[in-house]
There are 4 protein chains.
Amino acid sequence: MNDSGHSTNSAAGSKRKDARRNQQLLLDAAAAVFVTSGVEAPVRDIAAKAGVGMGTIYRHFPTRADLVIAVYRHQVDACAEAGPALLSECPTPYAALEQWINLFVDFLITKHGLAAVLQPDNSSFESLHAYFLDRLVPVCDRLLDAAAERGEIRPGLDGLELMRGVGNLCVGAESDPGYDARRLVALLVTGLRRTR
Amino acid sequence: MNDSGHSTNSAAGSKRKDARRNQQLLLDAAAAVFVTSGVEAPVRDIAAKAGVGMGTIYRHFPTRADLVIAVYRHQVDACAEAGPALLSECPTPYAALEQWINLFVDFLITKHGLAAVLQPDNSSFESLHAYFLDRLVPVCDRLLDAAAERGEIRPGLDGLELMRGVGNLCVGAESDPGYDARRLVALLVTGLRRTR
Amino acid sequence: MNDSGHSTNSAAGSKRKDARRNQQLLLDAAAAVFVTSGVEAPVRDIAAKAGVGMGTIYRHFPTRADLVIAVYRHQVDACAEAGPALLSECPTPYAALEQWINLFVDFLITKHGLAAVLQPDNSSFESLHAYFLDRLVPVCDRLLDAAAERGEIRPGLDGLELMRGVGNLCVGAESDPGYDARRLVALLVTGLRRTR
Amino acid sequence: MNDSGHSTNSAAGSKRKDARRNQQLLLDAAAAVFVTSGVEAPVRDIAAKAGVGMGTIYRHFPTRADLVIAVYRHQVDACAEAGPALLSECPTPYAALEQWINLFVDFLITKHGLAAVLQPDNSSFESLHAYFLDRLVPVCDRLLDAAAERGEIRPGLDGLELMRGVGNLCVGAESDPGYDARRLVALLVTGLRRTR
DNA sequence: GATGAATGAGGGTTCATTCAT
DNA sequence: GATGAATGAACCCTCATTCAT
């Protein structure tokens, strides 16, 4: 999945220079098209935006999920890495959880259609789904556990379920001015608090 | 054109017995197909499931939204009517709200893809969207108002937004054994409670 | 083809009264629909206009051509009968020919799509084509012959060909304000004149 | 994007050799199918005749009118260019007109359904209609004007109307052995002559 | 490696015609 | 006889994916 060394090129882990450039063009184009047309946008549109042929997309990203993952990898990683940091910075684990969830929401609501794609029944996005979960669920679990240990929240909800819920609350958020996903997510997280 | 005398048709409804039967076949088939393939399932599939020709679908339901509305009308209506009843039966408005939301959730989580269709950006489902909102939002508003007047919940969230949130939490609920929409919705509603 | 006597009814050559009435309703409706939508208008539209079921059309007019013939029979007959009359009234056979052609043109240009249907390659309109020709070609032939005998026109063009030409010149005439079929037909007939 | 160096493609035209070949296959197939089934023939039939997929047609000719125009462009252009040439070669403008009309007729009578499509009421063929008129009407106008100036014909008929008339006379000409469009057109043009 | 042409499955919609009621 | 519901072939068009160049 990462830059493996089977390439005959000299540079560590990189293909030809133009191939790297195309990869980046594609990521940028895909990000832009995803914003306007959703992650199910026609392949042709993405290729056109990038100024490359469609075959080039398939070479770099054999499945659509691969492309989506690549587009969002950085942001997913940043979100994952923010978890431990918040835990050590914030006064309480619950505060860290709140902020981390906010990061996740900010990420999702700017990605037209991404949340919908996180549904596990979308066969062609399995690997995308898996990537998200692999990367983020452990972080969320740890935040939940820490808050539960402190008695700030009721135990029993696992990170996967919370993330699915938050993800769902973000579905369609960007296209509807009367819908405030952040507020609803905040309600959800508030609902977790241990009623004294 | 009306029920002319030689007809043996006593019921007030539509014209022919077989037409009525087909209409029901279609509603049942559509309900079944919607569960497995979502409300965007191919017309051909629904027709096949019902054992009728495609033209029959178009005769009874000129647009897809018409079909979807028809499939869910009874349940939407039942849900709408339950609101006032619960308000008078339950000890407090908040309890009524909780139970009404549960009814709504029970309805949605068995409808694959329905929640997704409630997104307002889906042009071909406008009338469906409108139907849902016209029918249910006022009921939800009234429950919220009653609870707010009693001081049970914080004011400020309107019924539309709550329903959108609940709807979203139900997206994909049926296909994922590890996802308990009811629990997440319960958390959301708990989050509404006025913190003492 | 005419009202044969196999009916068990008493009236000479007629079916049930309501059947006769329906037949007339259909002819009127078809005439009206043909004007606006052409002779290839959907059967349903004609039935709807007539306020009868589609099956009724098929009972009375098994093929579309049968209906078209029936709709225009009176006018075709009137046109056919006008030939001999004009021949005896007009000062010269050529004048009679001119006027008769005008009648034919007046008939055609008010019938959206009729002229196009006279094309012999339109398989489903064979009988219509045949009817027109059977009825009108002999009349036209006689006018042509009379004018040729008088030396007013050059011989050699038969009635069928002239009528096809005139029919074609009327194609699409009604929908195009910049196209004057009568003038073009007049040129064609003028072209027949024997150059002194 | 332009003819990059590694391409062996010398011709100035379009990109790939096979694409050009397919384009030609399509033009040939369309021409053939148009002859037998008219210019409204199903897209699938044309694709099948050409031995290509349907998508290939849509790639090369996004609308049906584009295809029809392409099929006939060469002949339309040749016809347009012949006008001035005839005017300078022929002894009189009227003779040039006669011959030019003959060229136009020769073109049309081999195109089943083309003449019908020239009807201005056919919405999806607007661009085709426009192309024909833009290209040919000025040529015809000029021939008519020249003949009128010489006093060979009566003035007052414009090129558009004459061409519509000639076009109509060619409708269905190819499929009917008993119908001689050339002769009828000749009569029409004869009818234009100034009666001395 | 890159290109984008070609393929063809897939899904929507219309309407002539049949036939149960 | 009349009705109009049902059928399903026939068209249209899109787009993911492959593969010749």
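To find a chain, count down the sequence lines: A is the first, B the second, and so on, and within it residues start at 1.
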*Report the base-pairing partner of F/dA10 (Watson-Crick or G-U wobble, both distances below 3.5 angstrom), or none.*
E/dT13
_Identity of whatever pairs with E/dT21 - Watson-Crick or G-U, under 3.5 angstrom_ = F/dA2
How close or far is atom [atom2] of [N] from atom [atom1] of [X], stated in whole angstroms?
X: A/Leu26; N: E/dG4; atom1: CG; atom2: P; answer: 13 Å
X: B/Ile46; N: F/dT7; atom1: CD1; atom2: C1'; answer: 17 Å
X: A/Arg21; N: E/dA2; atom1: CZ; atom2: C1'; answer: 11 Å
X: B/Tyr58; N: E/dT14; atom1: OH; atom2: P; answer: 7 Å
X: C/Phe61; N: F/dA2; atom1: CZ; atom2: P; answer: 11 Å
X: D/Asn22; N: E/dG8; atom1: CG; atom2: P; answer: 12 Å
X: B/Asp66; N: E/dT13; atom1: CG; atom2: P; answer: 11 Å
X: C/Ile57; N: F/dT3; atom1: CD1; atom2: P; answer: 10 Å

To the side chain of [X], which of [options] is closest?
X: D/Thr56; options: F/dA6, E/dA6, E/dA16; result: E/dA6
X: A/Pro42; options: F/dG1, F/dC12, F/dA16; result: F/dA16
X: B/Arg44; options: E/dA6, E/dG11, E/dA2; result: E/dG11
X: B/Asp18; options: F/dT17, E/dT18, E/dT21; result: E/dT21
X: B/Met54; options: F/dA10, E/dA2, E/dA6; result: F/dA10
X: D/His60; options: E/dA6, E/dG12, F/dC12; result: E/dA6

Identify the heavy atoms of [X] and [Y] that sit nearest to each other, and give their distance.
X: C/Ile46; Y: C/Ala41; answer: CD1-O, 4.2 Å
X: D/Arg64; Y: D/Val39; answer: NH1-O, 3.0 Å
X: C/Lys49; Y: C/Ala32; answer: CE-CB, 3.9 Å

*Assign B/Arg64 to base, sugar-phosphate, or nothing according to its heavy-atom contacts below 4.0 angstrom with the strands shown.*
sugar-phosphate
*Got a donor-acceptor contact below 3.5 angstrom from the B/Thr36 side chain to the B/Val33 backbone?*
yes
*A/Asp66 side chain vs A/Thr63 backbone, donor-acceptor pair below 3.5 Å*: yes
*Of D/Ala41 and A/Pro62, the one whose closest DNA chain F nucleotide lies more 5'*: D/Ala41
*When the nearest nucleotide of DNA chain E is assigned to C/Gly55 and to A/Val52 on a heavy-atom basis, which residue is associated with the more 5' position?*
A/Val52
